[in-house]
Amino acid sequence: SQTIHQWPATLVQPVGSPLSLECTVEGTSNPNLYWYRQAAGRGLQLLFYSVGIGQISSEVPQNLSASRPQDRQFILSSKKLLLSDSGFYLCAWSVQGVTEAFFGQGTRLTVV
Amino acid sequence: SQQGEEDPQALSIQEGENATMNCSYKTSINNLQWYRQNSGRGLVHLILIRSNEREKHSGRLRVTLDTSKKSSSLLITASRAADTASYFCATGLGTLTFGKGTMLLVSP
């Protein structure tokens, strides 16, 4: 069966520090991969999505970047965190051509 | 951009009662999905309804879709305390666009 792993679960980082959040999927090949951010009490905002290795699409301009070095690995990064980067980050995957998305458990990022 | 908008924003009911949440969207869709999110956790897919369907059931869940009004509703029958969560509608193919969600509180 397919599983998605996202870590860490919580993270407190100072302003100006770098960020690396990792997401891996098991049990499937060539998935679509997504990074979403959720502000407190809000819906989900799509940040990045990828349909294949090295293929990244960005939905909104921001202080973050994403990379897909391997088929089932998706990484969210920042060189210098801002206070406004605080939030709940969710990784998700879907089968290409299928709509249903499967989410990781999320990372609560607090920038102080 | 926000495609789906759920209402109410929050709903508080007693166990055994039914809970109805609504979703409105702006553009034409191929399908609409509902997801559930427990506090501080990831989202879990509940049900998908296609644009040519008007109603769909899954256990205690009933979803309706009215494409003429660009709206959908999620009904949870005989609610339980464990149904306490946020519920989101989502539209799109591949990249999903989510509403802001309805926070449901079911009290024992």
Side-chain angles (χ1 to χ4, degrees), chain A residues 2-11 21 23-25 30-52 55-61 66 74 87-110, chain B residues 1-11 21-26 28-53 56 58 61 63 65 72 85-105:
Chain A
Q2 301 92 353
T3 56
I4 179 169
H5 303 280
Q6 185 181 345
W7 69 92
T10 60
L11 191 59
L21 301 180
C23 172
T24 59
V25 179
N30 198 29
N32 287 340
L33 296 171
Y34 312 88
W35 280 110
Y36 287 88
R37 178 169 59 198
Q38 184 177 30
R42 306 281 291 180
L44 278 70
Q45 179 187 35
L46 178 64
L47 301 177
F48 301 96
Y49 69 95
S50 171
V51 299
Q55 301 178 62
I56 309 294
S57 296
S58 174
E59 287 293 298
V60 293
F74 206 22
F88 192 51
Y89 289 84
L90 288 156
C91 180
W93 72 274
S94 68
V95 175
Q96 299 218 13
V98 176
T99 302
E100 179 182 352
F102 301 90
F103 284 80
Q105 291 304 301
T107 296
R108 174 77 57 193
L109 172 66
T110 303
Chain B
S1 60
Q2 208 79 41
Q3 167 70 311
E5 289 286 344
E6 295 91 343
D7 81 271
Q9 291 187 0
L11 180 60
M21 289 159 272
N22 303 296
C23 169
S24 60
Y25 56 92
K26 297 176 182 176
S28 297
I29 60 171
N30 291 299
N31 60 71
L32 185 143
Q33 303 179 59
W34 285 91
Y35 286 79
R36 166 195 168 123
Q37 183 182 33
N38 285 31
S39 180
R41 310 285 283 179
L43 278 73
V44 175
H45 181 265
L46 294 176
I47 194 166
L48 179 151
I49 186 166
R50 303 191 187 285
S51 59
N52 62 353
E53 296 176 307
K56 198 165 184 179
S58 177
L61 305 180
V63 171
L65 180 64
S72 174
S86 292
Y87 293 83
F88 296 87
C89 65
T91 59
L93 288 175
T95 58
L96 294 174
T97 301
F98 289 83
K100 296 180 182 179
T102 293
M103 292 181 61
L104 174 64
L105 173 63

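Computed from heavy atoms alone, side chains included, the values below leave out hydrogens, waters and symmetry copies.
At a 4.5 Å heavy-atom cutoff, the contact between A/Tyr36 and chain B is made by side-chain atoms alone. Proximity to chain B is limited to the side chain of A/Gln38, based on heavy atoms less than 4.5 angstrom apart.
In this structure B/Ala85 satisfies the side chain to side chain contact (heavy atoms under 4.5 Å, CB included) test together with B/Arg36, B/Asn38, B/Tyr87, sequence neighbours excluded.
Looking only at side-chain heavy atoms (C-beta outward), B/Phe98 and A/Leu46 stay at 4.5 Å or farther from each other. For the pair B/Thr95 and A/Tyr34, the minimum side-chain heavy-atom distance is below 4.5 Å. In this structure the side chain of B/Leu43 reaches within 4.5 angstrom of the side chain of A/Leu90, judged on heavy atoms.
The minimum heavy-atom distance between B/Gly92 and A/Thr99, with the atom names listed, is O-CG2, 3.4 Å. Here the closest heavy-atom approach between residue B/Gln37 and residue A/Phe88 is recorded as NE2-CE2, 3.7 Å.
Counting non-hydrogen atoms of other residues, nucleotides and ligands closer than 6.0 Å to CD of B/Glu53 gives a total above 12.
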